[in-house]
Number of protein chains: 2
Amino acid sequence: MSKLEKRLGGQTVVLESKPKIIATHSVVGKKESEGPLKDYFDDVVKDDQNGKKSFEKAETSMMIKAISNVIKKGNLKEEDIDYLLAGDLLNQLTSTSFMAREFNIPFFGLYGACSTMAESLSLAGLILDGGFANHVIAATSSNFSAAERQFRFPLEYGSQRKEQAQWTVTGAGAILLGRYGDLPYLTHVTTGVVKDYGIKESDNMGAAMAPAAVDTLYKHFKDTGREPKDYDIIVTGDLGKIGKSLTENLILDYGYDIRGVYTDCGVEIFNNDDNDIKSGGSGCGCSAVVFCGYLYKQLMAKKLKRVLLVSTGALMSSTSSLQGESIPGIAHAVSIEYM
Amino acid sequence: MSKLEKRLGGQTVVLESKPKIIATHSVVGKKESEGPLKDYFDDVVKDDQNGKKSFEKAETSMMIKAISNVIKKGNLKEEDIDYLLAGDLLNQLTSTSFMAREFNIPFFGLYGACSTMAESLSLAGLILDGGFANHVIAATSSNFSAAERQFRFPLEYGSQRKEQAQWTVTGAGAILLGRYGDLPYLTHVTTGVVKDYGIKESDNMGAAMAPAAVDTLYKHFKDTGREPKDYDIIVTGDLGKIGKSLTENLILDYGYDIRGVYTDCGVEIFNNDDNDIKSGGSGCGCSAVVFCGYLYKQLMAKKLKRVLLVSTGALMSSTSSLQGESIPGIAHAVSIEYM
């Protein structure tokens with residue numbers, strides 16, 4: 001069999017055509033707009049309901065706003081977009097499906113829990129580099145109130161949150177990619193395998209996802225021959241404080257020290273003194289708005305020249321948790337540069 | 001902007017390298033194994049629980065069986081598979097996520113409701129034609145008892161089923177694709193847009209999905225310049241009797257008469273005199289096992305030379321239905337030949 005030049009072997013491919021990120025747009029909730037990254041977000045909604053009849057419809061409206069705006073920023077029209085790749089946390093991708101009916105764009109629905117931003121960005125990169133599209137949008141969202149009700153308890157119960165718990169980000173991010181321009185570009189995609197080390201507490205997703213993050217990071221370094229120092233920043237999302245600490249320690253055993261360049265979207269997005277937050281942020285919207293807001297703008301400003309985004313997902317459902325199952329984790333890595 | 005040779009314009013791309021279908025494997029439940037296509041399925045489980053503690057675990061076990069067997073049929077090992085693209089109907093892809101942890105294969109989770117077989121096959125085709133992989137597996141599943149409990153009522157309620165209702169197929173199908181061999185191959189992928197004509201009854205999914213099926217069929221014919229007679233068979237999945245009738249009538253208005261070559265996986269899979277079935281079969285597993293069983297074997301035998309598979313999905317959730325929302329529909333088409 002002839003060797004594929006685009007495959008480095010292992011789990012990583014090189015995107016030779018360097019698909020460009022033309023624009024991003026982020027929409028966040030109130031708490032996110034008061035956090036340390038507040039200056040980087042494009043739009044803020046005043047609460048989790050955003051004037052809609054339900055949290056789900058609010059999440060849909062935020063995703064519509066992110067996508068509409070990213071198309072405008074690219075000076076494009078809906079008909080110029082060849083594919084829309086999107087997903088969220090809700091059952092049957094409720095927010096995404098109802099968002100997608102508002103756009104006349106060929107649509108692939110994705111589910112990777114909080115890894116969906118990197119999943120959609122990976123597939124967008126492959127589709128563009130394969131020569132199948134001129135423009136692709138990758139988008140994800142989450143909404144704290146919709147997610148709490150679905151995965152844990154209705155907010156009205158006023159349940160106490162454990163220290164390991166993470167706070168689902170209310171936010172939506174959309175990334176518009178294309179083939180041309182002097183713009184930040186994707187260079188490598190490392191697609192993760194599912195790892196399950198037996199963690200059963202859905203309040204402790206960081207620990208459940210850390211082995212997947214470590215595995216994908218290790219594979220990325222091994223496949224590409226790169227080292228942590230080759231990146232200005234390596235960002236997982238969303239492991240929170242506990243998962244971040246586990247990840248940076250576990251990967252030392254594989255011979256890589258990422259501590260000097262490493263952070264986690266869930267650790268960065270909220271104020272440290274906010275007692276609600278516990279271990280940090282989570283949700284598809286977390287790495288979406290941290291990338292679309294902070295990271296992309298730092299790339300554009302050339303304050304960051306090479307970024308490794310490693311979105312992580314906890315693939316349990318309420319049903320699997322009730323049935324006593326542990327939490328499978330996954331992580332996908334995308335390398336983005338602007339030299 | 002330079003024209004992309006792989007894009008026909010509209011919503012269709014040509015897969016110039018003609019990705020090959022090396023093998024398929026289908027696993028079905030008891031009712032499916034007694035239907036008109038019984039001779040074409042590879043494995044049968046004796047009931048919806050398949051000896052497991054839950055319907056969800058049963059569905060996972062069926063998907064594992066389909067994937068393990070398709071790898072064996074291709075004389076390959078797990079490490080030869082570059083990507084696994086899979087999805088199911090359950091919240092957070094419960095069956096798929098727990099299946100994926102059993103394989104050390106880079107994994108993308110997909111959600112397109114009953115359109116997921118064509119969605120995964122489309123993305124597998126793009127990834128292979130783009131030169132990113134040597135082998136890709138596309139897989140989906142559904143389980144009647146797990147789906148009924150989640151989307152409608154626990155079986156113990158003994159609810160009456162409406163005449164328009166469809167019966168979720170218990171089944172899993174896996175398709176192994178590669179780059180070489182004298183084998184059936186993919187030629188075109190037409191990716192659907194979401195259509196919502198306001199149908200709100202989750203008992204009448206066929207009517208909700210028909211406009212999406214018509215739209216994707218029309219775009220496929222328009223983009224490729226092909227006509228219905230260019231296909232030996234055009235198969236939607238899963239519109240059931242009502243959706244099939246709507247589709248063949250609605251597309252007449254667009255100038256295409258598909259009636260001579262058209263059927264629907266949901267119409268074909270169960271015995272007509274089975275009073276449970278009502279309008280026909282549904283579920284991600286339906287078009288999966290009809291393709292992996294009947295259609296692929298007819299292609300291999302050269303009894304069918306050109307097949308258009310158009311899997312259709314109803315993108316509602318229990319939450320959206322309770323909130324009074326209508327049902328967005330989607331359909332993806334993949335053209336498969338063996339001349």
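A, B, ... follow the sequence lines: proteins, then strands. Residue 1 opens every chain.
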Quiz item: Could you state the interatomic distance from OG (Ser54(A)) to CG (Leu322(B)), rounded to the nearest 0.5 Å?
Solution: 11.0 Å
Exercise. Could you tell me which of Gly329(B), Ala133(B), Gly87(B) has the largest number of non-hydrogen atom pairs under 4.5 Å with chain A?
Key: Ala133(B)
Quiz item: Just checking, any donor-acceptor pair under 3.5 angstrom between side chains of Ser317(B) and Thr94(A)?
Solution: yes
Quiz item: Where do Gln92(B) and Gln92(A) land on the side-chain contact (heavy atoms from CB on, under 4.5 Å) test, with the steps shown first?
Solution: CA-CA 7 Å; Gln92(B) 290 72 56; Gln92(A) 289 75 54; over 6 Å; no
Self-check item: Polar side chain donor-acceptor pair, Glu56(A) to Thr319(B), under 3.5 angstrom
Solution: no
Self-check item: Heavy-atom contact with chain B under 4.5 Å, split by part of Ile105(A)
Solution: backbone
Practice problem: Report the distance from atom CZ of Phe108(A) to atom CG of Leu85(B), rounding to the nearest 0.5 Å. | Solution: 10.0 Å
Quiz item: Checking side-chain contact (heavy atoms from CB on, under 4.5 Å) for the pair Phe107(B)/Val193(A): CA distance, chi angles, key distance, verdict?
Solution: CA-CA 6 Å; Phe107(B) 166 65; Val193(A) 299; over 6 Å; no
Exercise. Indicate yes or no: at least one non-hydrogen side-chain atom of Phe132(B) is less than 4.5 angstrom from one of Asp129(A).
Key: yes
Exercise. Quick one: which of Glu102(A), Lys57(A), Lys53(A) has the most heavy-atom pairs under 4.5 Å with chain B, could you say?
Key: Lys57(A)
Self-check item: Option in Thr116(A), Val13(A), Leu126(A) with maximal non-hydrogen atom pairs under 4.5 Å from chain B
Solution: Leu126(A)
Quiz item: Given side chains that start at C-beta, do those of Asn91(A) and Tyr111(B) come closer than 4.5 Å, heavy atoms only?
Solution: no
Quiz prompt | Partner chain B: residue of Leu110(A), Val189(A), Asp196(A), Asp82(A) with the largest heavy-atom pair count (under 4.5 Å) | solution = Asp82(A)
Exercise. Determine whether Leu93(B) and Leu315(A) make a side-chain contact, defined as any pair of heavy atoms from C-beta on separated by less than 4.5 Å.
Key: no
Self-check item: Residue part contacting chain A, namely of Ile127(B), when any heavy atom lies under 4.5 Å
Solution: side chain
Exercise. For chain B, find which of Glu79(A), His332(A), Lys195(A) contributes the most heavy-atom pairs closer than 4.5 angstrom.
Key: His332(A)
Exercise. Counting only heavy atoms closer than 4.5 Å, note whether Ser326(A) contacts chain B via side chain, backbone, both or neither.
Key: both
Quiz item: Do side-chain atoms of Lys6(B) reach the backbone of Gly130(A) as a donor and acceptor pair under 3.5 angstrom?
Solution: yes
Exercise. Under 4.5 Å, counting heavy-atom pairs only, tell me which of Ser320(B), Gly192(B), Gly112(B) racks up the most with chain A.
Key: Gly192(B)
Quiz item: Contact part of Ala113(A) toward chain B, heavy-atom cut-off under 4.5 Å: side chain, backbone, both or neither?
Solution: neither
Quiz item: What residue in Thr216(B), Val194(B), Leu90(B), Leu89(B) has the most heavy-atom pairs under 4.5 Å with chain A?
Solution: Val194(B)
Self-check item: Side-chain donor or acceptor of Glu119(B) paired with backbone N/O of Gly109(A) under 3.5 Å
Solution: yes
Self-check item: Test: Glu325(A) and Arg101(B) ion pair at under 4.0 Å
Solution: yes
Quiz item: By a 4.5 Å heavy-atom criterion (distance strictly below it), what part of Leu15(A) contacts chain B: side chain, backbone, both, or neither?
Solution: side chain
Quiz item: With only heavy atoms counted, which part of Ile330(A) is less than 4.5 Å from chain B, the side chain, the backbone, both or neither?
Solution: side chain
